[in-house]
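Computed from a predicted structure; not experimentally measured. Reminder, nothing fancy here: chain letters follow the sequence lines and each chain counts from 1.
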There are 2 protein chains.
Amino acid sequence: MPNETWQPPPVLLTVDLVILTLRSSTLHVLVIERGIAPYKGHWALPGGFISDAGEDIVDAARRELREEADLDATSLHLEQLGTYGRPDRDPRGRIVSVAHLAIAPGLPEPEAGTDASAASWCPVEEFTSGRRSLAFDHHQILDDGLERARTKIEHTSLATAFCDETFTITDLQRVYEAVWGFELDPRNFYRKVQAVPGFLTPVGSDRRTTRGRPARLFQAGPEHLLRPPMMRPLPPDQNPPTQSETK
Amino acid sequence: MPNETWQPPPVLLTVDLVILTLRSSTLHVLVIERGIAPYKGHWALPGGFISDAGEDIVDAARRELREEADLDATSLHLEQLGTYGRPDRDPRGRIVSVAHLAIAPGLPEPEAGTDASAASWCPVEEFTSGRRSLAFDHHQILDDGLERARTKIEHTSLATAFCDETFTITDLQRVYEAVWGFELDPRNFYRKVQAVPGFLTPVGSDRRTTRGRPARLFQAGPEHLLRPPMMRPLPPDQNPPTQSETK
DNA sequence: CTAGCTTCTTGTCAGTTCAACAAAAAGCAG
DNA sequence: CTGCTTTTTGTTGAACTGACAAGAAGCTAG
């Protein structure tokens with residue numbers, strides 16, 4: 001019970017970033033090699049302290065995005081993921097981190113930031129498989145970010161955030177396949193995405209070609225919520241009882 | 001750029017709670033009348049400061065749930081909603097709040113807690129309609145909590161958290177209707193929920209009755225993710241173009 | 001104790017969607 | 001032109017959806 005003299009204990013606030021992108025059809029996350037203690041020399045998610053008492057949290061996330069990844073937050077998707085405050089998560093003391101999820105299209109190779117000795121894109125599979133590990137509770141944060149991405153591309157247009165301004169339907173399919181981790185039928189995918197009102201806007205008869213038949217170009221449509229959603233099939237180990245079988 | 005002497009600014013951390021329940025088929029939220037400044041005498045969401053530097057955030061939420069609402073957190077749904085840290089959100093200074101969403105079944109009339117002069121269930125419609133207002137940015141938090149509930153009962157079993165241990169399918173339908181704000185066909189609803197594998201487990205031939213034919217009793221099943229999801233129909237103002245019309 | 005009322009449960013049926021596969025279209029390389 | 005790749009359009013049977021009818025199982029009133 002708080003008495004008259006009790007004062008709430010102050011904590012230090014950081015932002016951490018799960019920045020995802022697609023490189024050669026594989027899902028990558030941006031990680032840094034820590035240049036300072038604790039966990040010096042280990043891999044970690046980019047992030048840092050709130051810079052001053054007047055800085056909004058999302059502004060801090062945007063700033064770190066710029067400082068540590070040289071990415072412009074105005075052009076890419078950024079959302080709050082969750083707040084991680086286990087008392088023992090940081091050996092320096094009570095440090096609470098507001099994690100964010102960022103989705104970036106394409107490519108630019110990142111540069112080392114202020115307190116990171118190296119920053120690089122790494123396939124997420126390196127971490128989910130356990131081959132590489134992350135400092136602090138960043139493994140948990142990454143898992144939560146991936147799960148958020150997996151479920152959110154089901155019923156929102158988030159997948160378009162992985163693509164450039166204009167893209168083909170096959171480009172979009174690569175996003176779904178990389179995030180979900182299995183392949184989809186191109187013919188059914190092709191019609192399904194176009195059947196969702198407001199998901200995609202065709203950009204005038206423009207096309208682009210590499211090897212096969214040229215593909216139509218689209219851009220993200222006005223609708224953020226996908227109805228009907230792009231439901232991923234259940235894992236193949238489950239035998240889904242159909243409504244008729246159940247009766 | 002942080003120099004050698006720079007120290008991250010400490011902030012004060014609070015937890016706030018959006019506690020939802022159903023009373024006579026209407027969605028209610030628990031609000032308190034603030035007993036202390038700021039906003040003394042205004043309505044607000046229950047919440048409070050982290051009690052000490054070693055308290056985990058979710059533990060703080062559980063504690064506030066007990067202190068301010070006399071609810072046992074072990075038996076009800078509690079999840080993190082989001083973190084609100086606009087620099088000007090609290091006139092006392094830089095106070096960051098980790099909001100949580102709690103779902104409670106039924107009934108007990110709450111009692112006034114430590115720094116709340118009154119606590120009571122209030123229909124959410126009072127706030128969403130603008131008839132009543134909330135202190136701080138709690139209106140935003142409530143809106144976010146409601147939206148989270150609306151979308152989450154679509155593809156998770158969250159709706160069962162509004163019900164008692166055992167419940168009828170009509171009970172469950174009332175939850176969906178209250179949260180979504182419109183009525184559903186009982187006959188289609190009846191079969192739809194039972195067609196989702198793992199959503200409901202029938203409890204042995206038990207029944208219960210008030211006026212009509214006795215209804216079967218169920219309890220929450222083992223599955224947390226609903227496949228297929230309980231999709232709400234789109235708002236009636238939209239004319240959904242069918243796939244065949246689109247072609 | 002039967003008629004009527006309420007609520008729960010099962011049936012039915014047409015329109016729509018979905019997944020799997022075939023096939024056509026459109027470019028390029030040789 | 002022939003073959004190869006990739007994109008786009010068709011087809012088809014099974015499954016799901018939403019709207020509604022009808023039966024089942026209690027209670028209450030007369």
**Asked** Taking atom CD of E68(B) and atom CZ of R63(B), what is their separation to the nearest 0.5 Å?
**Response**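 Result: 9.0 Å between the selected atoms.
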Side-chain N or O of [X] versus OP1/OP2 of [N]: is the shortest distance under 4.0 Å?
X: Y190(A); N: dT9(D); value: yes
X: K192(B); N: dG18(D); value: yes
X: R211(B); N: dT7(C); value: yes

Taking [atom1] from [X] and [atom2] from [N], how many angstroms apart are they, rounded to a whole number?
X: F189(A); N: dC18(C); atom1: CZ; atom2: P; value: 13 Å
X: L184(B); N: dT9(C); atom1: CG; atom2: P; value: 16 Å
X: M231(A); N: dA19(C); atom1: CE; atom2: C1'; value: 13 Å
X: N188(A); N: dT12(D); atom1: CG; atom2: P; value: 16 Å
X: F167(A); N: dT7(D); atom1: CZ; atom2: P; value: 14 Å
X: L217(B); N: dC8(C); atom1: CG; atom2: C1'; value: 12 Å
X: Q194(B); N: dC16(D); atom1: CD; atom2: P; value: 15 Å
X: R227(B); N: dA15(D); atom1: CZ; atom2: C1'; value: 17 Å

**Geometric class of the H155(A)/H155(B) ring pair [parallel <30°, tilted 30-60°, perpendicular >60°]** =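 Answer is tilted, since the angle falls between 30° and 60°.
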What nucleotide, of [options], holds the atom closest to the side chain of [X]?
X: R187(B); options: dA24(C), dC20(D), dC21(C); result: dC20(D)
X: T170(A); options: dA19(C), dT7(D), dG26(D); result: dT7(D)
X: A215(B); options: dA19(C), dT9(C), dA24(C); result: dT9(C)
X: P214(B); options: dG26(D), dT8(D), dT9(C); result: dG26(D)

**Prompt:** Is any side-chain heavy atom of F218(A) closer than 4.5 Å to a side-chain heavy atom of I169(A)?
**Reply:**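 In contact.
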**Prompt:** Within the modelled atom types, does a donor on one side and an acceptor on the other bring the side chain of R191(B) and the base of dG18(D) under 3.5 Å apart?
**Reply:**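 Counting by modelled atom types and ignoring angles, no donor-acceptor contact under 3.5 Å is found here.
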**Message:** Can you give me the closest heavy-atom contact between G106(A) and T21(A), atom names plus distance?
**Reply:**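 Nearest pair, atom of G106(A) first, then T21(A): O-OG1, 2.9 Å.
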**Request:** Report which part of the nucleic acid R216(B) touches: base, sugar-phosphate, or nothing (heavy-atom distance under 4.0 Å, all strands).
**Result:**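 R216(B): backbone/sugar contact only, no base atoms under 4.0 Å.
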**Message:** Go nucleotide by nucleotide along DNA chain C from the 5' end; which of P229(A) and I169(B) gets its closest nucleotide reached first?
**Reply:**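 That would be I169(B).
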**Prompt:** Regarding R150(A) and the six-membered ring of W180(A), is the cationic atom NZ or CZ under 6.0 Å from the ring centre and inside 45° of its axis?
**Reply:**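 Output no; distance or angle outside limits.
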